[in-house]
Amino acid sequence: MLEKNNSMDEVVVRIRDLHFSRGARKIFDGIDLDIRRGQVTAIMGPSGTGKTTLLKLIGGQLKPQRGTIEVAGQNVHKLSRSKLYELRKRMGMLFQSGALLTDITVFDNIAFPIREHSRLPESMVRDLVLMKLEAVGLRGARQLMPSELSGGMARRVALARAIALDPMMIMYDEPFTGQDPISMGVLVQLIRKLNDALDLTSIIVSHDVAETSAISDYIYVLSNGRVVGHGTPKALQETDSAWVKQFVQGLPDGPVPFHYPAPDYAEELLAGGES
Amino acid sequence: MMGGLQRLGRSALLFFERLGRGNLFLLRVLAGLPSLLPRGHLLVQQLYSVGVLSLLIIAVAGLFVGMVLGLQGYYTLVDFGAEESLGVMVALSLVRELGPVVAGLLFAGRAGSALTAEIGLMKATEQLSGMEMMAVDPVKRVIAPRFLACVIALPLLAAIFSAIGVMGGYFVGVGLLGVDDGAFWSQIQNRVDFFDDVMNGVIKSVAFGFVAAWIALYEGYDAVPTSEGVSRATTRTVVHTSLAILSLDFVLTALMFD
Ligand SMILES: Nc1ncnc2c1ncn2[C@@H]1O[C@H](COP(=O)(O)OP(=O)(O)O)[C@@H](O)[C@H]1O
Ligand SMILES: [Mg+2]
């Protein structure tokens, strides 16, 4: 759609040497990452590694202490507020909770970004909303309130809202968590299909290895603030890195320890009362 | 000893940091007010939910406060044979003090707590974050209309409180205790000054509306985004707003009626 020079066309999100901490806790300790146009890229890692944080950094809601994040060739954290908002219109984001506005209907939720950012007549807003709902298979649910939706439906509505402004990319935060097998299957297919049909670039953040690998073109594995492995799903299955193997194959103990850091067990038992 | 000092220093720092953030928040809200001009419907919705929905409690409270003033005032004044001044006493107490203050306290309990809970829950369910990612500024879209609605609604509610209160005083004084009807009203007309009394009361209630809105919205916006955090923020809204209104009332009274 957008004509740009070729070198920029390739990589939509370019992350270099990203450092981020919350208080004393280091969350990212030098991350390099490229998200390529037209691909579905998965970012995987155990809970608490900072996957959600990474999406918020890309969206400019958080600021890194060091390093750069470029989206479509623009350094997200150097943009003025209005430029950043312009850029955000081109990035859809699907929150883990769906983040639908709870006091308005499904229809109004999807119309919300369209009404906020354009002066289209109501008849056209209606057509656009119905198109987006049709794409996720929920045209019939438009008069429901968010509280009346099942978990899977809520994510699909949120997905329809994320594509309402025809973005160039979508970020999914744990789209499969807590879904029953059927809605999981629906979502998996939907993400891939929308990516290809709408010419999008997708980033999926997840710890559901099997589902995510099935539709990803490229995978990054994060652990302890670093990228510990990356490659195509196939390459990662055959990796000889212990980190990645533990994660991809779901082994309980390995380089990622089962135990939270603690003093020696025997010593602590003997020390007695002073917890 | 050192531990105590450190804790004191730490809470002082946290307090001032929060105060600073609260001020920045207020500036952002005020800067967002002009964006409401082309979207009056947002303001109207909020006027309904903070204003109209608080009307009943304000009206009933106003009636009872006025009736009590009528009773107490009568028993004091009658000893001096001055019961014809009952109307003035009731009207001045209400217009200058009780209208703005009691309406403000009720408003903090009814509308302020609801606002904090609403905004806090929107934060906890990522609705505010979601708006930001849709390039919609939640301070302009969500906070500013609620702020302005409070500043407009509270003076109107306080005026209604006072008006109904005078009726309550009239009902008790004239209706039940036999104060002269004409004296009741004519004394009010002679002795209540539009600028010194009524306008000062209005200024107070505008100030209280401003403070109530600021505290309620900031507590919601700054709440720890969990159910516990939101419930604590809601309690804090009511406590802090009440204290702020009472102390501000003292300051304003000292400035206005010296
Ligand atoms: N608002 C916050 N304040 C402080 N710490 C946070 C906040 N949000 C997340 N964290 C911490 O940052 C780390 C990464 O969180 P997150 O990005 O949500 O992880 P993930 O999405 O991979 O599960 C976690 O240890 C979490 O406790
Ligand atoms: Mg997360």
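Each chain gets a letter, A, B and so on, in the order the sequences are listed, and its residues count up from 1. Keep in mind that this is a model prediction, so the values were computed, not measured.
Counting heavy-atom pairs closer than 4.5 Å to chain B, the top residue among A/Leu94, A/Thr102, A/Asp103, A/Leu84 is A/Thr102. Taking A/Gln96, A/Lys89, A/Met93, A/Gln61 one by one and counting their heavy-atom pairs under 4.5 Å with chain B, the maximum is reached by A/Gln61. Taking B/Met122, B/Glu118, B/Glu126, B/Met131 one by one and counting their heavy-atom pairs under 4.5 Å with chain A, the maximum is reached by B/Glu126.
Under a 4.0 Å N-O distance rule, the pair A/Asp108/A/Arg161 does not qualify as a salt bridge. The pair A/Arg155-A/Asp173 fails the salt-bridge criterion, with no side-chain N (NZ, NE, NH1 or NH2) lying under 4.0 Å from an Asp/Glu carboxylate O. A/Lys83 and A/Glu86 are not joined by a salt bridge, as no carboxylate oxygen comes within less than 4.0 angstrom of a charged side-chain nitrogen. In this structure, A/Arg16 does not pair ionically with A/Glu70, as no charged nitrogen and carboxylate oxygen lie closer than 4.0 Å.
At a 4.5 Å heavy-atom cutoff, A/Leu87 makes no contact with chain B through either its backbone or its side chain. With a 4.5 Å cut-off on non-hydrogen atoms, A/Ser82 does not touch chain B at all.
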**Derivation of the side chain to side chain donor-acceptor pair (under 3.5 Å) call for B/Lys204 and B/Thr253** = CA-CA 9 Å; B/Lys204 272 188 182 178; B/Thr253 305; 2.9 Å; yes
**Request:** Any chance you could lay out the salt bridge (charged side-chain N to carboxylate O under 4.0 Å, His left out) test for B/Glu228 and B/Arg232, step after step, and finish with the verdict?
**Result:** CA-CA 6 Å; B/Glu228 233 177 334; B/Arg232 240 182 277 133; 3.5 Å; yes
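Taking every heavy atom of both residues into account, A/Thr49 and A/Leu222 meet most closely at CG2-O, 3.9 Å. In plain terms, the two heavy atoms of A/Asp34 and A/Tyr220 that are nearest each other are N-OH, 3.1 Å.
Against chain A, the residues from residues 14-51 of chain B that qualify, each with a non-hydrogen atom under 4.5 angstrom away, are B/Arg28, B/Arg39 in number order.
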